[in-house]
Amino acid sequence: MYDVVVVGAGPAGLMAAGAAGAAGARVLLLEKNRGPGRKLLISGGGRCNFTNAETDMHRLISRYDTAGKALFSPFARMGPTQVLEFFASRGMPYKTEDNNRAFPRSDKSSSVLQVLLDYIEEGRVTLRTQTTVKALRTDSGRVQGVELQDGSIDVGSVVVSTGGLARPDTGSTGDGFSWLEQLGHSIVRPEPSLVPVVVEEDWVTDLQGLAFAELRISLRLGEKTISKTDGKVLFTHFGLSGPGILNLATRISQAAAEARKQGQPAPTISLNFFPTLDGGSLDRQLQDELSAYPRRLLRTILESMLPPRLARCILAEAGVSTGLSGEITASEVPKQLRKRIVSLMQDFRLTYRELQSEDWAVVSSGGVPANEVDFRSMESKMIAGLFVCGDMLNINRPSGGYSLQICWATGYVAGLSSAEAARFQHG
Ligand SMILES: Cc1cc2nc3c(=O)[nH]c(=O)nc-3n(C[C@H](O)[C@H](O)[C@H](O)COP(=O)(O)OP(=O)(O)OC[C@H]3O[C@@H](n4cnc5c(N)ncnc54)[C@H](O)[C@@H]3O)c2cc1C
């Protein structure tokens with residue numbers, strides 16, 4: 001006999017189950033995978049950027065889309081300060097990197113998962129893995145239980161934390177969305193949102209694996225710049241990834257849709273590899289190098305300024321041979337070619353083809369609209385006793401720990417309120 005059933009043992013479900021257990025409820029946590037937290041383990045490249053340590057609440061909320069206003073209430077109870085304290089006080093030291101991104105000091109996402117496993121154990125939560133929930137049972141607008149493959153469980157409080165649709169191989173297959181839709185919620189169609197970009201240029205495969213800490217990324221339609229940002233960029237075999245690109249993905253696909261509608265060519269992504277220099281200074285720097293080493297190959301000089309594979313790619317784009325025969329020396333570089341190379345170093349363009357599929361997405365947009373959930377309790381406004389948290393919610397967020405911060409806060413509140421609701425039902 002359980003007071004609360006939590007469906008899905010990702011970060012939101014683990015936090016919800018632990019909080020409900022700590023509040024005294026008898027909790028059953030159901031997970032269809034062999035083990036909990038599969039997506040959590042691959043988060044942040046296996047290092048897990050587990051929150052964003054921004055302490056100014058208004059600034060923090062401004063990073064989410066307009067639906068993020070709803071987060072004021074759960075963040076007041078489990079904001080970044082409390083999250084850092086939660087993990088640190090349970091034996092997980094942390095460190096903060098650029099842009100307030102917080103990581104476990106171990107650089108291992110398994111440290112984050114371990115804290116959550118200890119938390120559910122403390123709360124005497126029963127974790128049942130390899131158990132798929134098939135449906136929710138309700139009657140007259142109130143939850144009655146959950147249906148499994150082989151039977152059902154009667155319970156008056158259910159937390160649905162089955163995640164979004166990004167990376168379905170980790171178990172997030174959108175099951176909760178179909179259940180809630182059948183129960184009257186208007187699910188916003190999930191689309192991959194923080195997702196890498198596929199480009200037209202096949203030669204991008206030559207650059208696979210190159211990573212840049214801070215580039216200026218401009219999104220262009222023809223010669224018009226429609227968006228500009230600074231961020232990390234990673235070249236992949238199909239195109240571009242890294243936080244700077246992921247954060248622009250939705251904007252890029254919107255721009256492409258607009259361009260298509262107006263019969264214009266696809267947008268381009270322009271990368272500036274020297275964002276702190278203006279064109280004149282970079283040109284002078286290259287000119288100095290060329291004059292200092294007139295007999296050196298142009299390729300060798302560029303390879304000292306850029307990763308060699310990128311240098312060769314820029315030379316190829318500028319029409320300069322990088323083969324054994326036909327290479328030119330520094331003294332042979334005409335002004336026009338030098339200008340073209342400088343321009344490619346600061347305006348290196350790749351043509352947008354499409355966003356990668358949700359198999360590659362870090363998060364998907366869409367889900368349960370924020371106005372259909374009471375964020376003071378995380379209870380559905382349509383079905384009593386049904387609580388929703390984590391990636392199930394339609395709140396767009398950038399890369400940088402903002403996603404897991406939603407999971408901790410909404411999971412915590414959902415856990416406490418589901419326990420409270422169960423107490424009320426039992427009188
Ligand atoms: C590659 C990658 C890197 C990321 N890095 C970061 C990062 O560094 N920082 C950050 O803030 N965010 C990051 N994210 C996003 C973050 O991982 C998610 O926001 C978070 O995992 C969502 O947690 P959740 O509990 O809502 O859902 P999920 O983690 O998706 O968990 C849902 C769980 O429910 C289970 N489930 C689904 N259906 C059923 C069912 N019918 N019955 C039983 N169980 C079910 C699933 O198996 C799964 O275990 C990353 C995501 C990816 C894919």
Side-chain angles (χ1 to χ4, degrees), residues 5-17 28-53 63-64 80 83 97 99-104 107 109 112-113 116 127-136 146-149 153 158-179 190 192-196 241-243 246 356 358-365 367-368 378 388-393 395-412 414-415:
V5 167
V6 179
V7 188
L14 286 160
M15 179 58 98
L28 176 63
L29 172 56
L30 300 174
E31 168 56 50
K32 70 176 172 184
N33 286 336
R34 274 172 190 277
R38 199 149 144 201
K39 187 178 283 178
L40 179 67
L41 286 172
I42 59 163
S43 68
R47 295 203 305 136
C48 191
N49 173 198
F50 71 101
T51 189
N52 189 282
R63 306 275 149 73
Y64 297 90
V83 168
E97 298 188 356
N99 299 318
N100 295 320
R101 293 175 312 134
F103 293 88
D107 274 332
S109 45
V112 177
L113 181 59
L116 295 165
L127 168 63
R128 205 186 289 168
T129 55
Q130 291 181 284
T131 306
T132 302
V133 171
K134 292 288 179 198
L136 302 177
V146 295
E147 301 281 352
L148 308 178
Q149 301 110 308
I153 298 170
V158 175
V159 178
V160 182
S161 47
T162 47
L165 258 180
R167 288 292 300 263
D169 57 310
T170 62
S172 325
T173 44
D175 301 14
F177 294 143
S178 348
W179 307 332
S193 83
L194 291 183
V195 65
S241 186
L246 299 178
Q356 266 291 11
E358 55 232 3
D359 295 354
W360 289 80
V362 171
V363 297
S364 54
S365 65
V368 183
M378 299 315 298
V388 187
C389 54
D391 272 10
M392 292 280 306
L393 299 160
I395 301 175
N396 271 325
R397 60 270 186 199
S399 151
Y402 299 99
S403 200
L404 283 169
Q405 176 53 42
I406 295 187
C407 295
W408 311 134
T410 58
Y412 180 72

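Indexing begins at 1, ligand by ligand and atom by atom, following the structure's order. All values reported here derive from a predicted model rather than from experimental measurement.
- Contact between Thr173 and ligand 1 is absent, with no heavy atom of the residue lying under 4.0 Å from the ligand.
- Ligand 1 has at least one atom lying under 4.0 Å from a heavy atom of Thr131.
- In this structure, atom 1 (C) of ligand 1 lies nearest to the protein heavy atom Ile42 CD1, 3.8 Å.
- Among Gly44, Ser172, Gly45, the residue whose heavy atom lies nearest to atom 5 (N) of ligand 1 is Gly44.
- Counting only heavy atoms of the protein, atom 47 (O) of ligand 1 lies nearest to Glu31 OE2, 2.6 Å.
- Considering backbone and side-chain atoms together, Leu40 places no N or O closer than 3.5 Å to any N or O of ligand 1.
- The atoms of ligand 1 that sit less than 4.0 Å from any heavy atom of Arg167 are 53 (C).
- Shortest contact from atom 37 (C) of ligand 1 to any protein heavy atom: Gly171 O, 3.3 Å.
- In this structure, Trp179 has a heavy atom closer than 4.0 Å to ligand 1.
- Between Asp391 and ligand 1, at least one N/O pair is under 3.5 Å apart.
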| Verdict with supporting geometry, Asp169 and Asp359, side chain to side chain contact (heavy atoms under 4.5 Å, CB included) | CA-CA 7 Å; Asp169 57 310; Asp359 295 354; 5.6 Å; no
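- Atom numbering of ligand 1 starts at 1 in the shown order; those under 4.0 Å from a heavy atom of Cys407 are 20 (C), 22 (C), 23 (O), 26 (O).
- Side-chain contact between Leu246 and Pro196 is present, with heavy atoms from C-beta onward closer than 4.5 Å.
- Each of the atoms 26 (O) of ligand 1 lies under 4.0 Å from some heavy atom of Gly390.
- Using a 4.5 Å heavy-atom threshold, the side chains of Val195 and Glu358 count as separate.
- Arg397 is not listed as a side-chain neighbour of Arg63, based on a closest heavy-atom distance of 4.5 Å or more.
- Of all the heavy atoms of Ala166, none lies under 4.0 Å from any atom of ligand 1, so neither backbone nor side chain is involved.
- Closest protein heavy atom to atom 42 (N) of ligand 1: Val133 N, 3.0 Å.
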| request: Show the numbers, then the answer: is there a side chain to side chain contact (heavy atoms under 4.5 Å, CB included) between Ser403 and Asp391? | output: CA-CA 8 Å; Ser403 200; Asp391 272 10; 3.7 Å; yes
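- Panel note: side chain Thr131, backbone Thr129; a donor-acceptor pair is recorded below 3.5 Å.
- Proximity annotation for atom 29 (O) of ligand 1: of Ala135, Pro11, Ala361, Pro11 comes nearest, heavy atoms only.
- Nearest to atom 39 (C) of ligand 1 among the protein's heavy atoms is Thr162 CG2, 3.7 Å.
- No N or O atom of Val7 sits closer than 3.5 Å to an N or O atom of ligand 1.
- Taking a cut-off of under 4.0 Å to the non-hydrogen atoms of Ala12, the atoms of ligand 1 that pass are 25 (O), 26 (O).
- Looking at atom 12 (N) of ligand 1, its nearest protein heavy atom turns out to be Ser403 CB, 3.5 Å.
- From the protein, the heavy atom lying nearest to atom 34 (O) of ligand 1 is Gly8 CA, 3.2 Å.
- Distances below 4.0 Å separate heavy atoms of Gly163 from the following atoms of ligand 1: 26 (O), 27 (O), 30 (O), 32 (C).
- When heavy-atom distances to ligand 1 are checked against a 4.0 Å cut-off, Asp175 comes that close only through its side chain, counted from C-beta outward.
- Taking a cut-off of under 4.0 Å to the non-hydrogen atoms of Gly10, the atoms of ligand 1 that pass are 25 (O), 29 (O), 31 (O), 33 (C).
- Put simply, the side chain of Pro80 does not reach to within 4.5 Å of the side chain of Asn52, judged on heavy atoms.
- Distances between N or O atoms of Val362 and those of ligand 1 include no value under 3.5 Å.
- If you number the atoms of ligand 1 from 1 as listed, the ones under 4.0 Å from a heavy atom of Ser161 come out as 32 (C), 33 (C), 34 (O).
- For ligand 1, the atoms sitting less than 4.0 Å from at least one non-hydrogen atom of Thr132 are 41 (N), 42 (N), numbered in the order shown with element in parentheses.
- Residue contacts with ligand 1: Asn49 is placed with a nitrogen or oxygen under 3.5 Å of a nitrogen or oxygen of the ligand (distance criterion only).
- For atom 6 (C) of ligand 1, the closest non-hydrogen atom of the protein is Ser43 CB, 3.5 Å.
- Around the OH atom of Tyr402, the shell of radius 6.0 Å holds more than 12 heavy atoms that belong to other residues, nucleotides or ligands.
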